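Side-chain atoms are counted along with the backbone in the values below, which use heavy atoms only and exclude waters and symmetry mates. Since the model is a prediction, treat every value here as computed from it, not as a measurement. Just so we're on the same page: letters track the sequence lines, and every chain starts at 1.
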There are 2 protein chains.
Amino acid sequence: MQRDKKMKKDLSTEQKIKDAARKVFMTKGFSGCTTREIAKSVGINVALLNYYFRSKGKLFELILEAALSDFIEAMVEVFSMDLSLEDKTRMLIDKEFEFLRKHPELPLFIHAGLNQESDNDFDQSNFLGRLHQTGIFEQCEKAQEEGKMRKVNMINVTLLFMSNCHFPIMSKKLICGIYQMNESQHEERLNEHQEIVKEMLINYLFPNTFKNA
Amino acid sequence: MQRDKKMKKDLSTEQKIKDAARKVFMTKGFSGCTTREIAKSVGINVALLNYYFRSKGKLFELILEAALSDFIEAMVEVFSMDLSLEDKTRMLIDKEFEFLRKHPELPLFIHAGLNQESDNDFDQSNFLGRLHQTGIFEQCEKAQEEGKMRKVNMINVTLLFMSNCHFPIMSKKLICGIYQMNESQHEERLNEHQEIVKEMLINYLFPNTFKNA
DNA sequence: ACTTATTTTAAACAATTGTTTAAAAAGCAT
DNA sequence: ATGCTTTTTAAACAATTGTTTAAAATAAGT
């Protein structure tokens with residue numbers, strides 16, 4: 001009678017395992033760490049890990065799904081606001097940079113994690129549906145018909161946002177390595193980049209509002 | 001007397017190992033594969049792998065370094081051409097997309113690989129120096145002083161290019177997962193994105209040459 | 001042909017892996 | 001306290017890991 005039957009306990013152990021697993025998986029990846037490492041960082045026995053979650057793989061899938069959900073939810077939050085598309089653009093980029101500064105390992109973890117998994121059916125959380133519910137697609141479609149927004153496929157719009165927000169964060173080591181920068185120098189570049197991306201994307205997606213550089 | 005003493009042999013075994021290691025490391029990452037897996041894919045014994053290269057780690061570093069060099073070299077090639085900055089921009093993006101379509105695992109491999117390593121001193125190949133030799137920095141500086149190019153730090157310029165070329169490739173699984181796309185649909189988005197990125201970056205970096213959308 | 005150096009292999013090494021088993025400890029109702 | 005369930009542990013499992021050793025096969029030099 002594993003869990004699932006009665007769940008009255010304090011939940012703290014299960015949650016502590018998840019937290020530790022998240023931290024370890026994030027920084028080292030699935031095959032880059034061991035179950036014992038995770039257990040040790042919680043202060044529990046290895047067997048307890050398989051007691052709560054059935055296997056290392058199952059635990060990983062859980063963490064990965066949660067990570068995906070986290071960052072889709074950040075988009076949903078902004079899209080649900082009552083703002084113009086230009087303001088949503090600015091807001092999304094700012095929120096994304098802010099969020100990713102706190103969780104810089106997240107993008108790389110997600111992409112590497114998805115590549116590790118064999119099946120790509122992460123439709124369980126219905127991310128597309130959650131995005132649709134915000135009405136962002138209709139808002140864009142309307143703006144595009146009115147000539148206020150450049151007619152670009154929404155998938156490409158998504159790519160533009162994600163490319164310019166996620167990549168600068170995940171490429172930290174590469175960029176610092178090439179340009180021989182330290183942490184604070186990179187931070188400075190990142191801050192400037194945040195403004196660059198905002199201006200560039202708004203200029204490109206809403207060309208009528210800005211006619212000058 | 002390992003290697004290094006006399007190297008007259010045909011080299012094919014050593015190269016075959018490198019090729020196989022590159023392929024396996026690329027798709028599965030350092031800790032995602034085993035030395036036996038690599039050896040098997042070459043058709044040799046495991047010990048031979050440690051005979052040519054001293055350890056799994058050493059072999060990995062070699063592959064990673066070569067991968068980094070490969071993609072810096074692609075940039076160097078374009079920067080060395082006798083073209084205007086606008087043309088170099090277009091050329092670089094096209095070459096980058098073309099190159100990455102052939103090696104889609106490369107960016108993720110590099111970023112994940114750099115995170116796995118403890119020391120980030122990959123200055124051995126002197127990437128920055130190679131970039132400087134092309135004269136691209138002077139060309140940009142001159143254009144910026146003449147008001148033909150937006151005054152943006154070269155590190156940010158690098159980030160803009162890499163973000164918009166690398167990320168669309170490495171995010172394939174994520175984007176396909178969210179938007180429920182198959183291979184060919186994704187390919188279509190990618191082709192369109194290539195044009196989008198070209199126009200967007202040129203509009204942003206060289207605002208004088210294009211005043212309209 | 002003989003000697004020497006290089007390349008390749010089979011086998012073993014000790015350490016670590018994810019997972020399971022069986023028993024102990026802790027909680028909880030009665 | 002007594003039973004029962006849930007939580008936690010220690011120990012063991014078989015499989016796999018990277019690496020090494022010692023011997024065999026091949027090539028090269030004379």
Looking only at the side chains, is there a donor atom on one of B:Asp94 and B:Gln194 sitting less than 3.5 Å from an acceptor on the other?
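The answer is yes; a qualifying pair exists.
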Notebook entry, point to check: Do B:Arg101 and B:Asn191 have a side chain donor and acceptor closer than 3.5 Å?
Noted result: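 Result is yes, a qualifying pair exists.
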Discussion item. By nearest atom, which of the nucleotides D:dT7, D:dG18, C:dT8 is closest to the A:Leu48 side chain?
Written reply: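 The listed nucleotide nearest to A:Leu48's side chain is D:dT7.
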Check nucleotides 20-22 of chain D for protein N or O atoms closer than 3.5 Å to its own N or O atoms and list the pairs.
none

d([atom1], [X]; [atom2], [N]) in whole Å:
X       : N      : atom1 : atom2 : answer
B:Tyr52 : D:dT19 : OH    : P     : 18 Å
A:Lys58 : C:dG18 : NZ    : P     : 17 Å
A:Phe25 : C:dG18 : CZ    : C1'   : 11 Å

Does A:Glu187 have any salt bridge (charged side-chain N to carboxylate O under 4.0 Å, His left out) partners at least two apart in sequence or in another chain, and if so, which?
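For A:Glu187, no residue satisfies salt bridge (charged side-chain N to carboxylate O under 4.0 Å, His left out) once neighbours in sequence are set aside.
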- For A:Glu141, which residues count as a salt bridge (charged side-chain N to carboxylate O under 4.0 Å, His left out) partner, sequence neighbours excluded?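 Expected list: none.
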Residues 131-139 of chain A side chain polar contacts: donor-acceptor under 3.5 Å, at least two apart:
residue  : atom : partner  : partner atom : Å
A:His132 : ND1  : A:Leu128 : O            : 3.4
A:Thr134 : OG1  : A:Leu131 : O            : 2.6
A:Thr134 : OG1  : A:Ile136 : N            : 3.3
A:Gln139 : OE1  : A:Lys88  : NZ           : 2.7
A:Gln139 : NE2  : A:Leu83  : O            : 3.0

Can any side-chain N or O of B:Gln185 pair as donor or acceptor with the backbone N or O of B:Asn182 at less than 3.5 Å?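 Between the backbone of B:Asn182 and the side chain of B:Gln185 there is a qualifying donor-acceptor contact (under 3.5 Å).
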Is A:Thr13 near enough to D:dT7 that one of its side-chain N or O atoms lies under 4.0 angstrom from OP1 or OP2?
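No, no such contact exists.
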Please give me every residue in residues 27-44 of chain B whose heavy atoms get under 4.0 Å of an atom in DNA chain C, ordered by residue number.
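When residues 27-44 of chain B is checked for heavy atoms under 4.0 Å from DNA chain C, the hits, listed by number, are B:Arg36, B:Ile44.
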Item to complete: Inspect the contact between A:Glu199 and B:Arg150 and indicate whether a charged nitrogen and a carboxylate oxygen are less than 4.0 angstrom apart.
Response: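 Salt bridge: yes.
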Atom pairs and distances, donor-acceptor, side-chain atoms in residues 17-26 of chain A, under 3.5 Å, two or more places apart:
residue : atom : partner : partner atom : Å
A:Asp19 : OD1  : A:Gln15 : NE2          : 3.1
A:Arg22 : NH1  : A:Asp70 : OD2          : 3.4

